[in-house]
Amino acid sequence: MIQKIRQYRPKPLKKRMFELLAILTVSILSVSIYTAWDYRKLQISVIEENNRLYATQLAKSTRQTYEIYKNICYSVAFNQSLQEFITETDSVRKYELYQEQQIYLSSMANLDSYIVDIAILGDTGNSISLTGAVQSYQVLAKQLPSRRFSFCSMGLLRVNGIDCHILAMPVHVLSSDSSYLGVLFLAIDISRYFENGIPQDTRYRPSILLASASGHELIYGSESLYQEIRKAGINADSFSLEEGNKTYAVNCYSLPSIDFSLYTLVDKSQYFTEIIQLVGRHFLWVGLTLLLVAVLLLSFLRPLISSLNR
């Protein structure tokens, strides 16, 4: 039996060109996918690092601001003229000192644009407030643990129509016995402070939380986000937090002067969306480029293939 030897028939040139074009397309797409994935990781790393730098700067600025508030409280609390006003019993002299203190407290409040009010509640009954809201502070004065306390936070209080963060400091006589004279309150417009602290050109606007280190008091920010942080119970400077269908990159910083913590949270979907848009535009240009190359190759090779097939 004679077996016929099948002769190898080369594939048509047109089919080979299509295979070559397909291989070229797959190769370019593979390289593009790898590049896009690597670019995505790089962009996420850069964005998160920029967010950390912003959060660090905000925390540093907030620490310095509260140190300024602490120094203002010290200056006012140990002012000799103020202490004289608190202890004065003569009505005429007390009125003169009251007018002097109004001017003095106004000048101290002008040191920072976020100070809404400075109030002093004297143990003798002599009290003063820039906004005239002395009675608003009496509830807070009753909540003080003792007469011997240091500079501290007293939570939120509505002063002059503004929800303010209230800071407190005792007023003592500058003498060996250090007699207690009363308490000083400083009201801060905390909402305006943080709203102005975020630059308008910030690409990824963070959510900011200011809360006590003990976790019992939220001064500024979203209550739902704060509760999620408390539930997570993560004790770290940086971590991820899921809330609903969102994932946040969280940075935490301490404010030791008032024993508080500052949190900045950035919704990761903000920059994932931008990265997806960038990658989408990249693949669009790759696709258009491949289509153009294919059209040019076919238009160039079609006459050559036709002539060779003849």
Side-chain angles (χ1 to χ4, degrees), residues 44 47-66 69 112-117 136 139-140 143 152-168 186-276:
I44 290 175
I47 291 169
E48 289 185 341
E49 181 60 27
N50 288 340
N51 288 334
R52 273 193 293 270
L53 290 174
Y54 164 76
T56 301
Q57 182 59 40
L58 177 64
K60 180 181 178 182
S61 174
T62 305
R63 288 192 193 104
Q64 291 173 344
T65 299
Y66 273 89
Y69 295 152
D112 187 90
S113 61
Y114 303 111
I115 296 177
V116 175
D117 190 20
S136 301
V139 175
L140 295 181
Q143 295 175 4
C152 66
S153 166
M154 292 300 295
L156 288 172
L157 182 69
R158 194 162 185 82
V159 179
N160 205 25
I162 300 171
D163 290 328
C164 296
H165 185 198
I166 306 300
L167 305 173
L186 191 69
I188 309 299
D189 187 350
I190 195 67
S191 296
R192 191 163 63 89
Y193 172 79
F194 282 119
E195 287 167 4
N196 291 348
I198 302 177
Q200 294 300 317
D201 59 349
T202 302
R203 292 172 66 187
Y204 311 104
R205 294 184 70 82
S207 297
I208 299 173
L209 306 177
L210 180 65
S212 62
S214 61
H216 297 131
E217 184 180 27
L218 177 67
I219 295 298
Y220 178 81
S222 167
E223 181 67 35
S224 60
L225 285 177
Y226 182 55
Q227 293 303 324
E228 289 298 325
I229 290 176
R230 292 190 63 187
K231 288 178 185 177
I234 301 174
N235 186 19
D237 294 336
S238 300
F239 56 92
S240 292
L241 178 74
E242 293 186 3
E243 196 261 343
N245 58 350
K246 295 181 180 180
T247 300
Y248 292 89
V250 184
N251 292 289
C252 176
Y253 302 89
S254 64
L255 303 178
S257 61
I258 54 173
D259 196 25
F260 267 56
S261 295
L262 177 71
Y263 298 90
T264 61
L265 302 90
V266 177
D267 181 3
K268 289 185 177 182
S269 64
Q270 292 184 59
Y271 48 81
F272 281 154
T273 301
E274 183 175 347
I275 291 171
I276 289 171

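What you see below is based on every heavy atom in this structure, not just the backbone, and it leaves out hydrogens, waters and symmetry mates.
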Among side-chain atoms of T264 and Y54, is any donor-acceptor pair under 3.5 angstrom?
-> no

When you check the side-chain N and O atoms of Y69 and D112, is any donor under 3.5 Å from an acceptor?
-> yes

Identify the heavy atoms of V250 and L241 that sit nearest to each other, and give their distance.
-> CG2-CB, 3.8 Å

For Y220 and S191, the nearest pair of non-hydrogen atoms, with its separation, is CE1-CA, 3.6 Å

Counting only heavy atoms not in E49, do more than 12 fall under 6.0 Å of its CD?
-> yes

Spatial distance of atom CD1 (I258) from atom OG (S153) [nearest 0.5 Å] | 6.0 Å

Could you walk me through whether Q143 and L140 pass the side chain to side chain contact (heavy atoms under 4.5 Å, CB included) check?
-> CA-CA 5 Å; Q143 295 175 4; L140 295 181; 3.7 Å; yes

Check step by step if side chain to side chain contact (heavy atoms under 4.5 Å, CB included) holds for L265 and L209.
-> CA-CA 8 Å; L265 302 90; L209 306 177; 3.8 Å; yes

Please test F260 against L262 for side chain to side chain contact (heavy atoms under 4.5 Å, CB included), starting from the C-alpha separation and ending with a verdict.
-> CA-CA 7 Å; F260 267 56; L262 177 71; over 6 Å; no

Do T62 and F194 come within less than 4.5 Å of each other through their side chains, counting heavy atoms only?
-> yes

Steps toward side chain to side chain contact (heavy atoms under 4.5 Å, CB included) verdict (E223, L218) = CA-CA 7 Å; E223 181 67 35; L218 177 67; 3.4 Å; yes

Hey, does L255 have a side-chain heavy atom less than 4.5 Å from the side chain of L210?
-> yes

T65-Y193 side chain donor-acceptor pair, cut-off 3.5 Å | yes

Rounded to the nearest 0.5 Å, the NZ atom of K231 sits from the CD atom of E243 at a distance of 9.0 Å

Check the pair S240, Y248 against side chain to side chain donor-acceptor pair (under 3.5 Å), reporting the backbone distance first and the verdict last.
-> CA-CA 6 Å; S240 292; Y248 292 89; over 6 Å; no

Would you confirm whether S254, through its side chain, and P256, through its main-chain N or O, come within 3.5 Å as a donor-acceptor pair?
-> no

Rounded to the nearest 0.5 Å, what's the gap from CG on N196 to CG on D189? Could you check?
-> 8.5 Å

Can you name the nearest heavy-atom pair linking A236 to C252, along with the distance?
-> O-CB, 3.9 Å

Identify the heavy atoms of L156 and I219 that sit nearest to each other, and give their distance.
-> CD1-O, 3.5 Å

Note, L186 side chain near I166 side chain (heavy atom, < 4.5 Å) = no

Are the side chain of S61 and the backbone N or O of Q57 linked by a donor-acceptor pair below 3.5 Å?
-> no

Does S257 offer a backbone N or O that forms a donor-acceptor pair with the side chain of R63 under 3.5 Å?
-> no

Spell out, as yes or no, whether a donor-acceptor pair under 3.5 Å connects the side chain of E217 to the backbone of G155.
-> yes

Shortest non-hydrogen contact between L157 and S136, atoms and distance | CD2-O, 3.6 Å

Hey, what do you get for OG (S222) to CD1 (I208), rounding to the nearest 0.5 Å?
-> 12.5 Å

So OG1 of T247 and CD of E242: to nearest 0.5 Å the spacing works out to 4.5 Å

Test ring pair (Phe, Tyr, Trp, His ring centres under 6.0 Å) on Y66 and H165 and set out the steps.
-> CA-CA 11 Å; Y66 273 89; H165 185 198; 5.7 Å; yes

Atom SG of C164 and atom CD1 of I115: how far apart are they, to the nearest 0.5 Å?
-> 11.0 Å

